[in-house]
Amino acid sequence: MRNLNITLFLCVGFLCLFSSQLVAQHQSYSYAEVQDQTSLELSPRGALLRSFVLPGWGHHYVDQSNWTRGKIHLATDVILIAGLVGFSQRANRLEGDLVTLARSKAGVNISNRDRRFELAVSDFNSLDEYNDYQLRTRNWQNIYSDTPENRWSWSTTNDREDFRDTRSKISKAENQIPTMLTLMVANRIFSGINAFVKARNIMDNPPVASVSYLNEFGTTGLTARISFQF
């Protein structure tokens, strides 16, 4: 947007200059200068909201020719999204392995069962062993009824330990998901604040452009100047 405004300003300035030369072709000018200050139609709030939607977008909106900081935020967001998807897929895959392992090695279907039941299956070799422990520790409220859907019996202790390790891997993968989401939110906030400040600074110190009949050496010739104050 800023480059477009500058280009349009220069084009209008050159056209005005050449028109003046045609109208006053029989006159001589010793010095003439036209100076104007562009007012960029940037919105700090717009830059902020764009960065909230997609980190880096606000920086691109403010300055399309120089948005290195925005590219960093954008790349960070892509990495975080990839990590989020990766951890989610890993958790889903391991969940499938967990269900298969319990069904094939312990003879129980843990699909749609709560976490307490999964812990019982991972910590005890059978339903009888689990209920016996609850009776001895007087945790009668934790006893499962002896029904086909609640019965399990591990073939070997190693199979049960594999089940426990798989559950641990699922928990670790799932625990990374909130972390990824938090970092994505933080990345958007930092990107938005930076883009907002950058847009506000440009609005407070817009570029100044001027055209003159005298060049910088003091001789007749066209000179165009653009200065930026940041």
Side-chain angles (χ1 to χ4, degrees), residues 1-8 37-102 109-123 142 161-207 228-230:
M1 177 66 72
R2 187 175 71 178
N3 291 337
L4 179 59
N5 288 337
I6 294 173
T7 303
L8 291 176
Q37 186 169 344
T38 59
S39 176
L40 299 180
E41 296 179 357
L42 289 177
S43 169
R45 182 172 176 270
L48 178 68
L49 295 178
R50 282 172 171 81
S51 294
F52 283 170
V53 174
L54 180 64
W57 187 13
H59 294 81
H60 183 267
Y61 162 73
V62 173
D63 188 352
Q64 297 181 11
S65 63
N66 182 20
W67 59 293
T68 303
R69 175 68 179 268
K71 293 177 182 178
I72 295 175
H73 286 290
L74 179 60
T76 301
D77 195 62
V78 171
I79 293 173
L80 291 174
I81 291 175
L84 179 64
V85 173
F87 284 122
S88 298
Q89 291 181 343
R90 175 175 171 79
N92 291 334
R93 178 177 57 80
L94 291 173
E95 188 68 37
D97 294 342
L98 194 72
V99 172
T100 301
L101 184 61
N109 184 8
I110 62 171
S111 298
N112 302 321
R113 301 301 298 264
D114 58 19
R115 181 174 181 272
R116 186 169 70 90
F117 186 78
E118 287 187 6
L119 286 174
V121 174
S122 68
D123 292 338
N142 294 332
E161 291 177 351
D162 288 343
F163 181 87
R164 181 190 299 172
D165 292 341
T166 303
R167 281 203 74 261
S168 178
K169 292 177 182 178
I170 292 174
S171 297
K172 290 179 180 179
E174 290 177 343
N175 290 338
Q176 294 299 323
I177 294 177
T179 302
M180 295 292 103
L181 293 174
T182 301
L183 292 176
M184 289 174 64
V185 172
N187 186 41
R188 280 163 168 75
I189 293 175
F190 291 140
S191 176
I193 293 176
N194 186 261
F196 177 89
V197 172
K198 188 173 182 179
R200 188 177 60 182
N201 289 340
I202 292 177
M203 292 296 293
D204 292 340
N205 301 284
F228 296 87
Q229 301 175 358
F230 296 105

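What you see below is based on every heavy atom in this structure, not just the backbone, and it leaves out hydrogens, waters and symmetry mates.
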Of the non-hydrogen atoms in Ala47 and Ala195, which two are nearest, and what is the gap between them?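 For Ala47 and Ala195, the tightest heavy-atom pair comes out as CB-O, 3.8 Å.
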Which donor-acceptor pairs under 3.5 Å do side chains of residues 79-102 form with protein atoms, sequence neighbours excluded?
unit_1, atom_1, unit_2, atom_2, d
Ser88, OG, Leu84, O, 2.9
Asn92, ND2, Ser88, O, 3.2
Thr100, OG1, Gly96, O, 3.0

Check step by step if side-chain contact (heavy atoms from CB on, under 4.5 Å) holds for Val62 and Trp67. CA-CA 8 Å; Val62 173; Trp67 59 293; over 6 Å; no
Kindly indicate whether the side chain of Thr76, heavy atoms from C-beta on, has any atom under 4.5 Å from the side chain of Phe190.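 The answer is no; the side chains never approach within 4.5 Å.
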I want to check something: taking the side chain as every heavy atom from C-beta on, are Ser51 and Phe196 in contact at a cut-off of under 4.5 Å?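 Counting from C-beta outward, Ser51 and Phe196 never come under 4.5 Å.
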Sequence neighbours excluded, every pair satisfying salt bridge (charged side-chain N to carboxylate O under 4.0 Å, His left out) that has a member inside residues 70-89: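 As it turns out, the salt bridge (charged side-chain N to carboxylate O under 4.0 Å, His left out) pairs with a partner in residues 70-89, which skip direct neighbours, are Asp77-Arg188.
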Residue pairs passing the salt bridge (charged side-chain N to carboxylate O under 4.0 Å, His left out) test where at least one lies in residues 43-58, sequence neighbours excluded: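 Every pair satisfying salt bridge (charged side-chain N to carboxylate O under 4.0 Å, His left out) with a residue in residues 43-58: there are none.
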Any pair with a residue in residues 166-176 that passes side-chain hydrogen bond (donor to acceptor under 3.5 Å, both in side chains), sequence neighbours left out, goes on the list, sorted by first then second residue, please.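 Of all non-adjacent pairs touching residues 166-176, those that pass side-chain hydrogen bond (donor to acceptor under 3.5 Å, both in side chains) are Glu118-Arg167.
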Take Leu74 and His59 through the test side-chain contact (heavy atoms from CB on, under 4.5 Å) and record every step on the way to the result. CA-CA 10 Å; Leu74 179 60; His59 294 81; over 6 Å; no
What residues form a ring pair (Phe, Tyr, Trp, His ring centres under 6.0 Å) with Trp57, not counting sequence neighbours?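 Ring pair (Phe, Tyr, Trp, His ring centres under 6.0 Å) check on Trp57 returns nothing, list empty.
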To the nearest 0.5 angstrom, please state how far the CD1 atom of Ile189 sits from the CG atom of Asn194.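 Result: 13.5 Å between the selected atoms.
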Under the rule for side-chain hydrogen bond (donor to acceptor under 3.5 Å, both in side chains), what residues qualify as partners of Asp162, not counting sequence neighbours?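 Asp162 satisfies side-chain hydrogen bond (donor to acceptor under 3.5 Å, both in side chains) with no residue once adjacent residues are dropped.
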